[in-house]
Amino acid sequence: MALIRNQIQELLNDAVKCIDSTNLDITPEVEIPAVKEHGHYATAVAMALTKKLRKNPRLIAESIVNYIEKQSPDYLQKVEIAGPGFINFFIKSEAFSTVLPEIISKGSLYGTSEIGGGQYIQVEFVSANPTGPLHIGHGRGAAVGDALARILEACGYRVQREYYINDTGKQMEILGSSVYLRYLEINGEKVTFPDDHYKGDYIVDLAKEIFDEKGDELKKLPAGEAISYCYEYAYKRILDGIKEDLSQFRVEFDRWFSEKSLHRSGEIKKTIEFLKDNGYIYESEGALWFKSTAFGDEKDRVVVRSNGATTYFAADIAYHWNKLKRGFDTIIDIWGADHHGYVARMKAAVEALGSSRDKLHVILVQLVNLLRGGRPVAMSTRAGEFVTLREVIDEVGVDACRYIFLTRRSDSHLDFDLEVAKEQSSNNPVYYVQYAHARLCSVFEVASEKGLGFDKGKTPNLSLLTQDKEIKIIQLLGEFPYVVESSATHLEPHRIPYYLHDLVSEFHSYYNHHRIISDDQDLTAARLYLAEAVRIVLRNALNLLGVSAPEKM
RNA sequence: GCGCCUGUAGCUCAGCUGGAUAGAGCGCCGGACUUCGAAUCCGUAGGUCGCAGGUUCGAAUCCUGCCAGGCGCGCCA
């Protein structure tokens, strides 16, 4: 049984084809009007066609409506033309309720689809340097990337979640050196701590750990060896901490990809060779340059410095070549917005590697502006002044934290005030949604105490669901699959929380106006059936966000 | 100087890619618990959609120019 929206969509497609056979590349958009006087669904397609057909929109609307009336689909109560040429559809209420049995029978699968057609997508996110604990900004990237992956999976894509570890290079040396210097301090030596070193307390803690294990042993080693030991130790401990934090944040990666492995395998060298063979590399001032301007970048970029060292960008190209060779149909990179200047060159590289630049989608996540009581909190890894993701999770909880991140477009700046998130936690949008779920669970408990079980196999008399609010809820439930789809195709997780809010607000209102459990057995059965459908959609939607659906709060 | 992002109610943000009277939450004010959970509901107030032009039947949405905030612009990573 196709959903009403689908049927209207198809009907309109046919109607448009019928009015004018000259290859119109317009697909009519079906929307839900803001006010109910405008029907359950509406389309502005007649206005969209005016330019092409050079006819009055109302005339076009009339011929579309004529076509529709000739078909006279059984779900349609009436169709009318309004305003400048809107076509408004009024649906019979019993037609709407056909979605309920579908939701009940599909259960946790309701909302999933096959639009992805098994396409293979990689989502690379977080990828924070293992030089310190994750901070709040990484948390936002983690929430967005993970939710996106869940949404894409729900739409029939095969998804791989990957974390790229920058485990080599100058920063790693500085990390090793930072720990080593702290270690020397613990051993009573006076050291000067350079400005570019990591000053966080966690560095001191790591040095202490090494001291507890090794005593003054490292002091006797040549500095280079000792630093290397410190680096290995610190890197491993920090990365383990990152994994732990992410796991607690309900983010699990399928693969942790090491930058160092690209150096070891010679892939970076091979990548540069490949580009050179294709004429995209030239030498200048003793360095090797990638001709990214040939693909729209504003200037060419160095890949091998005059001292012979490859740049970070060179490794990044090799990394993306590696991704491309793994056969992904689409590659999604989620970056902090401070890296926006790298999009053009990365897309240029992908194209130079013989692929399509459209295969790479870069989602920029704006940095989080962390506040406490309205005052900005300093955030600098180097200076060691930052609030870690773990601290935020401990303070406001995983559910609230993820929800706050996911309720905004990723490219909008985000003020995250810890005091507000904490103090107003009972007014936090996530609880509004979770409360509806808990409330429903409670209703079912009461129902079962009264011996009003819920029989999944038996469909009650749904024509009893005639209240405006019931129709509205049913209609919204029917929208869920489209919301998930649009969220996937636009790569915008925030559509889910906004949908949830609409649905839940409608449900709470309904709950306050009508009793689900009453003396009328048939009506109770029908309403419990509706309630169960709501509960399923709430669970499924929250699950896409990685937010829990508690039975009690 | 150049580039990217943002500018919508007092605050935090949506606005389905050009459609009908621009919407939520928080906050303010006023109501609703002897009845399935009041973390809820119902109602009031609050707007020159940063500014100015342009495109057309129609603009918060598209194009141009300004203004403001954030972030980038290295043979750093």
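Chain A is the first sequence line, chain B the second, and so forth, proteins listed ahead of strands; every chain is numbered from 1. Heavy atoms only: backbone and side chains are in, while hydrogens, waters and symmetry mates are out. Remember, predicted model here, so these are calculated numbers, not experimental data.
- The aromatic rings of Tyr319(A) and Tyr164(A) sit parallel, their planes meeting at an angle under 30°, below the 60° perpendicular limit.
- Which of G37(B), G3(B), C36(B) sits closest to the side chain of Lys552(A) comes down to G37(B).
- With a 3.5 Å limit on both pairing distances and Watson-Crick or G-U wobble geometry required, the stems of 3 or more pairs in RNA chain B span B:1-7 with B:67-73, B:10-13 with B:23-26, B:29-32 with B:40-43, B:50-54 with B:62-66.
- Classified by its glycosidic torsion, C73(B) falls in the anti category, the angle being over 90° from 0.
- Atom name C1', nucleotides A32(B) and C51(B): the rounded distance is 46 Å, in whole Å.
- G30(B) and G46(B): their C1' atoms are spaced 16 Å apart (whole Å).
- Rounding to whole angstrom units, NE2 of residue His339(A) and C1' of G72(B) are separated by 10 Å.
- Going from atom CG of Asn56(A) over to atom C1' of U56(B) covers 15 Å, rounded to whole Å.
- Salt bridge annotation for Glu532(A)-Arg535(A): present, with a cationic side-chain nitrogen under 4.0 angstrom from a carboxylate oxygen.
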Lys323(A) vs Asp333(A), salt bridge (charged side-chain N to carboxylate O under 4.0 Å, His left out): CA-CA, chis, key distance, verdict: CA-CA 11 Å; Lys323(A) 290 188 188 190; Asp333(A) 287 6; 2.9 Å; yes
Could you list the donor-acceptor pairs under 3.5 angstrom formed between side-chain atoms of residues 294-303 of chain A and any protein atom two or more places apart in sequence or on another chain?
| residue | atom | partner | partner atom | Å |
| --- | --- | --- | --- | --- |
| Asp297(A) | OD1 | Arg301(A) | NH2 | 3.2 |
| Asp297(A) | OD2 | Ser292(A) | OG | 3.0 |
| Asp297(A) | OD2 | Arg301(A) | NE | 2.8 |
| Asp297(A) | OD2 | Arg301(A) | NH2 | 3.3 |
| Asp300(A) | OD1 | Ser292(A) | N | 3.3 |
| Asp300(A) | OD1 | Thr293(A) | N | 3.1 |
| Asp300(A) | OD1 | Thr293(A) | OG1 | 2.6 |
| Asp300(A) | OD2 | Tyr282(A) | OH | 2.6 |
| Arg301(A) | NE | Lys299(A) | O | 3.3 |

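- Of the listed nucleotides (G74(B), C75(B), U40(B)), U40(B) has the atom at the smallest distance from the side chain of Tyr432(A).
- With both ends at atom P, the span from G3(B) to G65(B) equals 9 Å, rounded to whole Å.
- Nearer the 5' end of RNA chain B, as judged by each residue's closest nucleotide, is the contact made by Ala337(A), out of Gly286(A) and Ala337(A).
- Along RNA chain B, the nucleotide nearest Tyr435(A) and the nucleotide nearest Tyr342(A) are compared for position; the residue whose nucleotide lies closer to the 5' end is Tyr435(A).
- Comparing the C1' positions of G18(B) and C4(B) gives an interatomic distance of 25 Å, to the nearest angstrom.
- Using modelled atom types and a 3.5 Å distance limit, the side chains of Glu259(A) and Asn166(A) yield a donor-acceptor pair.
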Contact letters for nucleotides 13-23 of chain B, in which S counts primed atoms plus P, OP1 and OP2 and B counts the base, heavy atoms under 4.0 Å: SSS-S-BB---
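- Here Arg439(A) reaches the OP1 or OP2 of A38(B): one of its side-chain N or O atoms lies under 4.0 Å away.
- Look at the P atom in both U64(B) and U55(B): the space between them is 15 Å, to the nearest Å.
- Pairs passing the salt bridge (Lys or Arg N to Asp or Glu O under 4.0 Å) check and including a residue from residues 491-504 of chain A, sequence neighbours excluded, read Glu492(A)-Arg495(A).
- Counting only heavy atoms from C-beta on, His501(A) has its side chain closest to A24(B) among C41(B), A24(B), G3(B).
- Checked against ring pair (Phe, Tyr, Trp, His ring centres under 6.0 Å), Tyr529(A) has the following partners two or more places apart in sequence or in another chain: Phe454(A).
- Identified under the side chain to side chain donor-acceptor pair (under 3.5 Å) test for residues 341-350 of chain A, with sequence neighbours left out: none.
- Annotated as syn: U17(B), whose O4'-C1'-N torsion sits within 90° of 0.
- None of Lys472(A), Gln467(A), Lys469(A), Arg527(A) except one satisfies the side chain to side chain donor-acceptor pair (under 3.5 Å) rule with Tyr510(A); the exception is Arg527(A).
- At a threshold of 4.0 angstrom between heavy atoms, the contacts of Asn166(A) with the nucleic acid are absent.
- The separation of A22(B) from C16(B), taken at their C1' atoms, amounts to 14 Å, rounded to a whole angstrom.
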